[in-house]
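To start, the structure itself, in structure tokens.
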Amino acid sequence: MVLSLQKIKIYVAVILFCYLCYFIQHFILSTGNMNCMVGERESKRAVLLKDESLEPFYRHIIDQRKIRQRKKTGDFKMEPYRDPRWRSRKPELQILLVSYINAGSTYLGNILRQNTRIFYVYHPVVVLLDYIEEYRGERMYLYKKPGGLRRKDLREHRVKNSTTESNVTMKQLSKDLINDFLDCNFTALDIASLTNLPYYHNAQTRNFSNCILDGSLVIYIKCLKLLYEACNNTDVTLVNSVQLPVKTAMSLLIQKPELKLIYLYRDPRATLWTQFNNGVYKWATLKRKAKLFCSSLLKDLMTAQNITKMFPNRFVSIKYEDLVRDTKDTFRSMYQILGLGELPKDVEDYITSGKRIVGCSDCVESDHNAWRLGMPYEGAGIIDMNCARVYKKLGYELITGQEHLRKVNQTLEFQSNFL
Ligand SMILES: *[C@@H]1O[C@H](CO)[C@@H](O)[C@H](O)[C@H]1NC(C)=O
Ligand SMILES: *[C@@H]1O[C@H](CO)[C@@H](O)[C@H](O)[C@H]1NC(C)=O
Ligand SMILES: *[C@@H]1O[C@H](CO)[C@@H](O)[C@H](O)[C@H]1NC(C)=O
Ligand SMILES: *[C@@H]1O[C@H](CO)[C@@H](O)[C@H](O)[C@H]1NC(C)=O
Ligand SMILES: *[C@@H]1O[C@H](CO)[C@@H](O)[C@H](O)[C@H]1NC(C)=O
Ligand SMILES: *[C@@H]1O[C@H](CO)[C@@H](O)[C@H](O)[C@H]1NC(C)=O
Ligand SMILES: *[C@@H]1O[C@H](CO)[C@@H](O)[C@H](O)[C@H]1NC(C)=O
């Protein structure tokens, strides 16, 4: 069939017309509000830029995409790090909590942060990884050049996304991130990490989160001192991190004499079952997932054992099952080792009240034995096959049959002195 020239002309005209309609609808009509908001933001920004007390700070912002660089930026010497408004006293005690997704770190961290001496940071590496995924490796800072991960590194990270161990660059990134949080070195952090700091309605960061509501980059310059203030009001920083290899934690321990480490683990079957229910992986990939999870767990354990020898007074290991069984006693001994003193009355009351965060994707179920009734027997078998060496070290029994799995009253734990 051959189309005449006339017909082709008509088709082209119709297609062009449709596209024009679409364009008007989509880009001109629907962005009216946006323009207005951007205008408002611009004017707020202009007001901020006129504020002379802030001048030394924004002079150094080098992200040209957001703010036009002034002619005389001077040499880029981190002047802001020396300004007294952007400084806090060094936290006397720094604590890093290392665990796994759905192994109880939200629960443990939530009780720890009830202590008003503690400045709490929740799952910073997860935030960083999500952001890096979304923005293809780009990160944005106030006082550093926007950073990028190389394409290759990013791909590597995607392939082995169960831990950040996959890549040297990611390892360094997460180490720096945690280090800066522990030191309250907020100016060194990327914007995504700062923005996510007030996650979980943290009372200490409320002033800061209210301040940055506007969302523009310049506003951070005005608000940042509120974080330093919050850090000044506490003497302990606590970073709760999943997705961090214990090896990285160990290098931080070596580097930072004021740092102590809490290592929290849970029965891998319970962890993996909860992860599955939260959509972390698909059931069909259980075998691969279990293998990956338990091999990184094993590596972590070997490193943790070395840490107990190198830093016996700066390391606490917590078995999640003990934590839920004897919550107060576990916290009392944890407080002792961490040098936090007696368990405060209000924290004790909080534990008694049995409050839990609900509706978060990384919480644990209220019945910590639920996995034994819900998980298909074959699933438990697959995990056992890949995790036996880990169980032996941590004190979890292999399952001998369907009945054994379902008999919830019969414990699957035994005493182990590995850690
Ligand atoms: C925090 O305290 C230090 C002194 O300990 C002081 O130099 C600094 O200005 C304080 N920071 C803020 C934001 O108040
Ligand atoms: C890793 O990420 C990819 C895509 O981002 C996802 O499809 C996959 O399920 C993830 N793997 C694991 C083990 O979480
Ligand atoms: C991670 O990134 C580094 C470069 O920083 C690269 O040499 C390496 O091959 C990547 N992958 C792994 C598994 O280390
Ligand atoms: C904060 O981080 C920057 C950049 O990494 C560093 O130059 C500075 O010394 C750090 N400040 C503190 C107080 O650790
Ligand atoms: C928040 O700001 C108020 C008023 O300036 C101040 O009284 C309060 O201590 C601040 N909160 C924190 C946690 O720093
Ligand atoms: C633990 O320490 C031993 C002896 O110092 C060393 O050979 C081994 O590589 C270390 N293992 C880990 C995982 O750090
Ligand atoms: C399990 O233990 C609870 C109390 O710990 C008891 O009430 C219950 O009857 C026991 N169930 C079975 C099947 O033994």
Side-chain angles (χ1 to χ4, degrees), residues 51 53-54 56-57 78-94 96 98 112-122 142-143 163-166 168 171 175 180-189 194 197-213 219-238 244-255 258 261 263 265 293-312 314-315 317 346 389-390 392-394 417-419:
D51 184 337
S53 70
L54 295 175
F57 298 118
M78 294 286 171
E79 212 175 285
Y81 291 121
R82 292 198 292 271
D83 192 287
R85 283 172 294 186
W86 281 13
R87 201 179 286 162
S88 51
R89 60 199 172 110
K90 203 175 173 72
E92 277 161 32
L93 172 61
Q94 307 185 349
L96 174 58
V98 171
L112 281 173
R113 77 172 173 139
Q114 299 304 317
N115 188 325
T116 50
R117 285 174 63 191
I118 293 179
F119 183 90
Y120 182 62
V121 181
Y122 179 77
L142 275 178
Y143 287 102
T163 66
T164 55
E165 195 171 21
S166 53
V168 178
K171 227 187 279 186
K175 189 177 157 187
D180 288 331
F181 268 128
L182 287 169
D183 284 345
C184 291
N185 194 355
F186 303 111
T187 35
L189 288 162
L194 285 176
L197 191 58
Y199 206 35
Y200 277 99
H201 315 294
N202 199 337
Q204 279 152 355
T205 50
R206 191 171 300 136
N207 288 348
F208 175 71
S209 25
N210 289 339
C211 182
I212 59 168
L213 276 182
I219 199 85
Y220 280 83
I221 296 168
K222 185 170 155 249
C223 304
L224 217 50
K225 78 169 197 305
L226 297 171
L227 280 184
Y228 286 95
E229 242 171 54
C231 187
N232 262 2
N233 291 337
T234 57
D235 61 350
V236 183
T237 41
L238 166 63
L244 186 80
V246 172
K247 206 164 175 190
T248 310
M250 177 156 131
S251 67
L252 281 166
L253 278 174
I254 292 169
Q255 186 185 318
E258 58 286 308
L261 177 66
Y263 177 58
Y265 58 88
F293 181 69
C294 277
S295 76
S296 63
L297 193 54
L298 190 63
K299 266 188 222 150
D300 283 349
L301 291 178
M302 302 313 281
T303 313
Q305 196 189 32
N306 278 5
I307 294 176
T308 61
K309 288 181 196 135
M310 286 171 74
F311 307 107
R314 292 166 58 196
F315 177 78
S317 69
D346 52 340
R389 286 178 69 194
V390 170
K392 211 166 153 189
K393 297 197 182 339
L394 293 183
N417 297 320
F418 184 76
L419 287 183

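Both ligands and their constituent atoms are indexed starting at 1 by order of listing. Any value given below was found using the heavy atoms of this structure, including those in side chains, with hydrogens, waters and symmetry copies removed. Remember, predicted model here, so these are calculated numbers, not experimental data.
- Between Phe315 and Tyr263, the ring planes lie parallel to each other; the angle is under 30°, not in the 30° to 60° tilted range.
- Close contacts of ligand 6 with Asn306, meaning ligand atoms under 4.0 Å from a residue heavy atom, involve 1 (C), 2 (O), 3 (C), 8 (C), 10 (C), 11 (N), 12 (C), 14 (O).
- Residues satisfying the side-chain contact (heavy atoms from CB on, under 4.5 Å) test with Asn232, not counting sequence neighbours, are Ser88, Arg89.
- Within the 3.5 Å criterion, the main-chain N or O of Leu182 finds a donor-acceptor partner in the side chain of Gln94.
- Polar contact with ligand 5: absent for Gln204 (N/O pair, distance under 3.5 Å).
- Residue-level proximity to ligand 6 for Thr303 is carried by backbone and side chain together, each with a heavy atom below 4.0 angstrom.
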Could you please spell out the steps behind the side-chain contact (heavy atoms from CB on, under 4.5 Å) verdict for Asn233 and Tyr228?
-> CA-CA 9 Å; Asn233 291 337; Tyr228 286 95; over 6 Å; no
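- Taking Arg117 as the reference, Asn115, Asp235, Val236, Leu340 meet the side-chain contact (heavy atoms from CB on, under 4.5 Å) condition, with sequence neighbours excluded.
- Note that CG of Asp180 and NZ of Lys175 are 11.5 Å apart. Values are rounded to the nearest 0.5 Å.
- Lys392 is linked by a salt bridge (charged side-chain N to carboxylate O under 4.0 Å, His left out) to nothing, counting only residues two or more places apart in sequence or in another chain.
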Pairs under 3.5 angstrom, nitrogen or oxygen on both sides, ligand 1 versus protein: list them out, please.
residue: ligand 1; atom: 2 (O); partner: Asn232; partner atom: OD1; Å: 3.3
residue: ligand 1; atom: 2 (O); partner: Asn232; partner atom: ND2; Å: 2.4
residue: ligand 1; atom: 9 (O); partner: Pro84; partner atom: O; Å: 2.8
residue: ligand 1; atom: 11 (N); partner: Arg87; partner atom: O; Å: 2.9
residue: ligand 1; atom: 11 (N); partner: Asn232; partner atom: ND2; Å: 3.0

